[in-house]
Amino acid sequence: MTASLLTKIEEVVRSGNCSGCGACLLLDSGLRLELDENGFARPVQREPSAAVPNADATFAASCPGRVVRAQRPLGSDRHPTMGPVVASWRAWAGDPELRRAGSSGGALTALAAWLSETGRAARVIGTAPATDARRTIPIAITSRDQALASAGSRYAPVTGAMPAAGGATIGTPCRISALRAMGPPHDEILLSFLCAGTPSQLATDQLAAELGVTGSADQLRYRGNGWPGRFEVQGADGSGSMSYEQSWGERLGRQVHPRCKICPDGVGESADITAADLWEADDRGYPTFADADGVSALAARTVRGYELVLAAAAAGVLVIHPLRVEHLAAVQPLHEERRQTLAGRLVGALLAGRRVPRYRGFRLVRLALPRWRHSVRAARGTFRRIRQAT
Ligand SMILES: Cc1cc2nc3c(=O)[nH]c(=O)nc-3n(C[C@H](O)[C@H](O)[C@H](O)COP(=O)(O)OP(=O)(O)OC[C@H]3O[C@@H](n4cnc5c(N)ncnc54)[C@H](O)[C@@H]3O)c2cc1C
Ligand code: SF4
């Protein structure tokens, strides 16, 4: 690896802005993602360096710990908080087994199976449990069975070596924004999901231990087998399960990476297609989490994504019904609020002495103005939290 690529990566890690997305692993095959002492993934050099040409410049223009750009693809309309949309739908997998296994409607699993089995992508990069199922690793999906095995959200950092891309990638919004910024050959078919942040691995390990699994786990699911489904773990020394509200709401969701708290793009704007939970909402717009057959919201961000969704629906891979993007925004209050108060949180972080990435084109100040009191509160809260932590 060139010294300057490693130096640049280390600067991002030191600044606290490395989300552990793993995109830089595509720039040098000597890099791996490993857990740090706080349970978050960060890149380290473990094999002899083999950097691609112009790795430094590509990193500088694409690492989401340095820069994230809002997207305005041809043919899309921009929603202020949900990002660019060509069309959106309520959707689920046409195959009932995939629908049940998925986090919400199994739409991403169905797309991964279809893309790989029809040869639209030689491989789809996704994630799966490691041998110790408390850990999450990247995998290359080449068949329906592999897609099924990788179904469901993994609310934890992904660690290990990154398989070479093969036509499509499913990833967190930060990883997908990096791939889009890298350009060809990395801007393959890009699939993402709404993301409230990546929790620390320590949160998963604590949850497993609370349920009686203190050592390696044979199986661990965060969700699925119903909607939203339960956190389930099984190991040599025990097994147990916990509701989604308790596991995500009270544990995992409270231990997300600090970089995720100042993320401008929890909605996956750089993807071709983004999936989300299409929760039923109460009177205040907050999700009810009542168990039901899973339903995803899908947003096609690009014309390529739009054509893929229509082709998948025509093949019976997806069941789709039109959805107004305003409906999605209404049942995702956290993402609305996050974008509207992000300018405040960035000011708080800067005043507390923290370096923040550059965010381009999100119009954060314009979004913050109508709710400026919330932004001031968010600035104060961020300032206090950072100062207390240092
Ligand atoms: C960290 C995290 C935070 C999330 N936050 C929100 C949120 O705030 N709001 C919301 O509506 N939805 C959120 N989701 C997404 C949601 O949980 C569902 O994944 C989404 O509804 C898509 O459901 P699906 O049934 O179509 O996906 P599935 O059919 O279950 O497919 C999910 C695909 O994503 C891949 N995957 C799972 N975890 C990861 C990961 N950590 N990194 C990369 N790829 C992964 C899997 O390999 C699989 O292929 C989050 C997901 C994650 C992993
Ligand atoms: S944010 Fe992603 S691309 Fe940037 S250093 Fe961290 S892992 Fe690498």
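All ligand and atom numbering here is 1-based and tracks the order in the structure.
- Donor-acceptor pairing under 3.5 Å is recorded for the side chains of N17 and S15.
- Protein heavy atom closest to atom 38 (N) of ligand 1, with residue, atom name and distance, is R154 N, 2.9 Å.
- The number of protein N, O or S atoms lying under 2.8 Å from atom 6 (Fe) of ligand 2 is 1.
- The salt bridge (Lys or Arg N to Asp or Glu O under 4.0 Å) pairs that include a residue from residues 198-207 are R135-D205, where partners are two or more places apart or lie in different chains.
- Classification of the Y244-W248 ring pair by plane angle, with boundaries at 30° and 60°, yields parallel.
- In this model, no donor atom of one side chain and acceptor atom of the other lie less than 3.5 Å apart for Y306 and R301.
- In this structure A112 satisfies the side chain to side chain contact (heavy atoms under 4.5 Å, CB included) test together with V124, I141, A147, I170, sequence neighbours excluded.
- The aromatic rings of W227 and W279 lie parallel to each other, with less than 30° between the two planes, well short of the 60° mark.
- Applying the under-4.5 Å side-chain rule to Ile, Leu, Val, Met, Phe, Trp and Tyr, the cluster around V347 extends to L351, F383.
- Within the set L298, T169, L194, V256, the minimum heavy-atom distance to atom 7 (C) of ligand 1 is found for L194.
- Near A107, meaning under 4.0 Å from any of its heavy atoms, are these atoms of ligand 1: 24 (P), 25 (O), 26 (O), 29 (O).
- Contacts of S296 with ligand 1, taken as heavy-atom pairs under 4.0 Å, involve the side chain alone.
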